[in-house]
Amino acid sequence: MIYYDKPHFIIKKNLQKSANTGEYFSDFITEDVMSDVCRRICGETDYTYIFVDNDYEDDLVERSYNKGRMALMLYKDVVSYISFSEKEIRGRNSSVQSVTTAYNIYYMSSHPKKSLYYYFLDLNGNPETDYIFMMYRLMKTIGFTFLNPEAITQRIDAFNSVEDIMTARKLNSDRNSSNNSTYITKSSALQIDIYGKTYGANKYATGMMCYAMALLASKKQKLTLYEVLEGDLKELPKSCLDVIAKMGKIKVIKTDMQLEKKVFEENNSLRSPRYLFNLLDRLGTKRCALCECEIPELIQGAHIWSVADIKKQPLTLEKKLSYATDGHNGLWLCENHHKMFDENLIRIKPNGRISYHSSENRHILFMKKITLVEKINDEYMSEKFIEYLEQRNRAII
Ligand SMILES: [Zn+2]
């Protein structure tokens with residue numbers, strides 16, 4: 001890289017859809033904005049700049065349109081990557097898309113002296129929804145410096161640990177379940193599982209969540225990302241998978257239907273990633289439906305209509321698989337309650353009421369003692385859930 005005595009901006013003029021929208025990056029990144037950015041990064045106000053076209057390329061800038069809503073500022077031997085907010089918060093995912101892309105470019109850059117910034121342009125719309133604010137915190141965690149944090153009202157704090165992200169994620173999804181594209185849970189003390197939709201607009205949020213988790217995970221913690229693929233929809237973008245691979249902390253498993261079929265055919269106690277994703281999607285974070293235990297390592301997805309019974313039905317493999325992985329065909333149970341349920345010591349009637357079955361009264365008393373509810377919570381009781389209960393109870397009797 002050339003040594004610049006004066007800060008020098010290189011900015012791609014075209015955004016992804018400039019040809020259609022007529023909006024160019026040069027319309028937003030005015031001299032006032034550049035001057036402010038420059039002053040905040042290095043204290044200088046004297047700078048030069050150049051807007052370049054799609055086919056411009058050098059060591060730092062690839063030949064394409066402006067990805068990640070970025071400007072590069074070169075000063076002395078340091079390169080600053082600056083990603084800019086939207087002028088308008090349109091959809092909750094649009095701004096996330098560009099910051100993840102910006103991060104990918106920054107992270108993969110081999111330049112030895114580099115820094116990463118985010119700058120709020122004058123905004124229309126609410127830039128502080130729970131969802132977007134969670135994204136700011138993830139950005140801070142993975143290394144973005146906010147150049148003008150006073151543009152929003154709340155203070156942006158980085159996350160300190162994987163557990164910290166899990167808690168915030170839970171609060172966020174409890175408030176607004178439509179925000180859920182990624183679920184994080186533990187299957188054992190050191191095993192953290194990330195279930196992420198990796199297609200459509202969700203993929204960038206999933207990517208950013210993974211980066212933050214990978215950077216915060218302790219040496220002993222193991223992370224697995226289950227990519228929940230749907231039909232022809234694809235895995236995470238290559239640029240995100242490259243970053244994850246370079247971080248070297250997350251094992252990535254693609255849960256396409258081929259894998260699901262294999263899991264289904266090989267065992268009855270289905271530990272299918274898709275099933276767990278569907279349960280998380282329907283029921284939220286793990287919590288035993290009978291005793292309210294929330295220790296994730298102890299909570300399992302329990303089938304209502306059992307996999308073994310589904311397998312015996314004269315149905316196509318596709319149909320069986322759809323019953324076996326249906327989020328309505330299950331509930332969260334702790335290991336104790338799961339076993340009691342599987343052994344039919346505890347049963348659930350189609351009206352949701354719980355009954356106990358044992359020839360020994362003291363066992364019934366014990367089960368009653370550790371079960372805190374008399375009836376399954378109404379939120380479980382969907383029409384399909386009730387049908388599965390009827391299906392199950394027919395097989396018992
Ligand atoms: Zn329980």
Side-chain angles (χ1 to χ4, degrees), residues 163 166-167 169-171 173-174 177 180 183-193 195 226 267-310 323-382 384-393 395-397:
E163 287 76 10
M166 287 173 74
T167 307
R169 186 79 196 130
K170 177 167 162 36
L171 290 176
S173 59
D174 283 353
S177 58
N180 299 345
Y183 300 93
I184 309 161
T185 186
K186 281 185 179 181
S187 52
S188 67
L190 296 172
Q191 175 62 49
I192 291 146
D193 299 324
Y195 296 89
Y226 294 97
N267 60 66
N268 281 345
S269 59
L270 191 69
R271 272 193 52 79
S272 145
R274 186 169 301 255
Y275 179 55
L276 293 179
F277 176 83
N278 289 341
L279 286 178
L280 287 162
D281 208 27
R282 185 169 108 80
L283 305 170
T285 41
K286 292 176 171 181
R287 175 191 172 98
C288 178
L290 298 177
C291 71
E292 297 176 4
C293 167
E294 289 191 27
I295 304 166
E297 297 92 317
L298 297 184
I299 311 292
Q300 304 170 332
H303 277 89
I304 304 289
W305 189 16
S306 74
V307 175
D309 203 32
I310 292 171
Y323 289 130
T325 58
D326 186 355
H328 292 268
N329 184 15
L331 70 179
W332 293 129
L333 291 178
C334 68
E335 288 201 24
N336 254 359
H337 276 121
H338 192 177
K339 185 70 178 162
M340 291 172 198
F341 185 62
D342 276 357
E343 297 294 336
N344 298 314
L345 295 164
I346 288 185
R347 300 179 196 176
I348 304 170
K349 295 176 188 167
N351 64 7
R353 300 202 75 83
I354 291 154
S355 64
Y356 302 90
H357 304 263
S358 166
S359 54
E360 292 200 47
N361 200 33
R362 63 197 178 100
H363 293 334
I364 289 181
L365 287 175
F366 175 78
M367 290 191 284
K368 280 186 175 170
K369 199 160 80 181
I370 66 159
T371 304
L372 298 181
V373 296
E374 289 174 2
K375 187 178 176 299
I376 290 293
N377 194 320
D378 283 345
E379 70 184 37
Y380 277 77
M381 302 293 291
S382 66
K384 283 169 89 184
F385 181 81
I386 294 167
E387 282 172 25
Y388 285 119
L389 281 174
E390 286 165 347
Q391 195 66 253
R392 176 186 183 87
N393 292 344
I396 299 174
I397 300 154

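Order of listing sets the numbers, starting from 1, for every ligand and every atom in it.
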* Is there any ring-ring contact (aromatic ring centres under 6.0 Å, His included) pair reaching into residues 326-374, and which pairs are they, with sequence neighbours excluded? ->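 Passing the test, one end in residues 326-374: no pairs.
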* Which heavy-atom pair separates Ile299 from Cys293 by the least distance, and what is that distance? ->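 Nearest pair, atom of Ile299 first, then Cys293: CD1-O, 3.2 Å.
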* Asked: How far apart are the closest heavy atoms of Leu280 and Thr285, and which atoms are they?
  ->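 For Leu280 versus Thr285, the nearest heavy atoms are CD2-CA, 4.3 Å.
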* To do: Could you verify whether a donor N or O on one side chain and an acceptor N or O on the other, from Tyr183 and Asp193, lie under 3.5 Å apart?
  =>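 Result is no, nothing qualifies.
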* Asked: How many N, O or S atoms of the protein are nearer than 2.8 Å to the Zn ion (ligand 1)?
  ->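 There are 4 of them.
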* Is it true that atom CD1 of Ile295 has more than 12 heavy atoms of other residues, nucleotides or ligands lying nearer than 6.0 Å? ->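 12 or below, so no.
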* Gap between atom CE of Met340 and atom CD1 of Ile354 - 0.5 Å precision ->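 Rounded to the nearest 0.5 Å, the CD1-CE separation comes to 12.0 Å.
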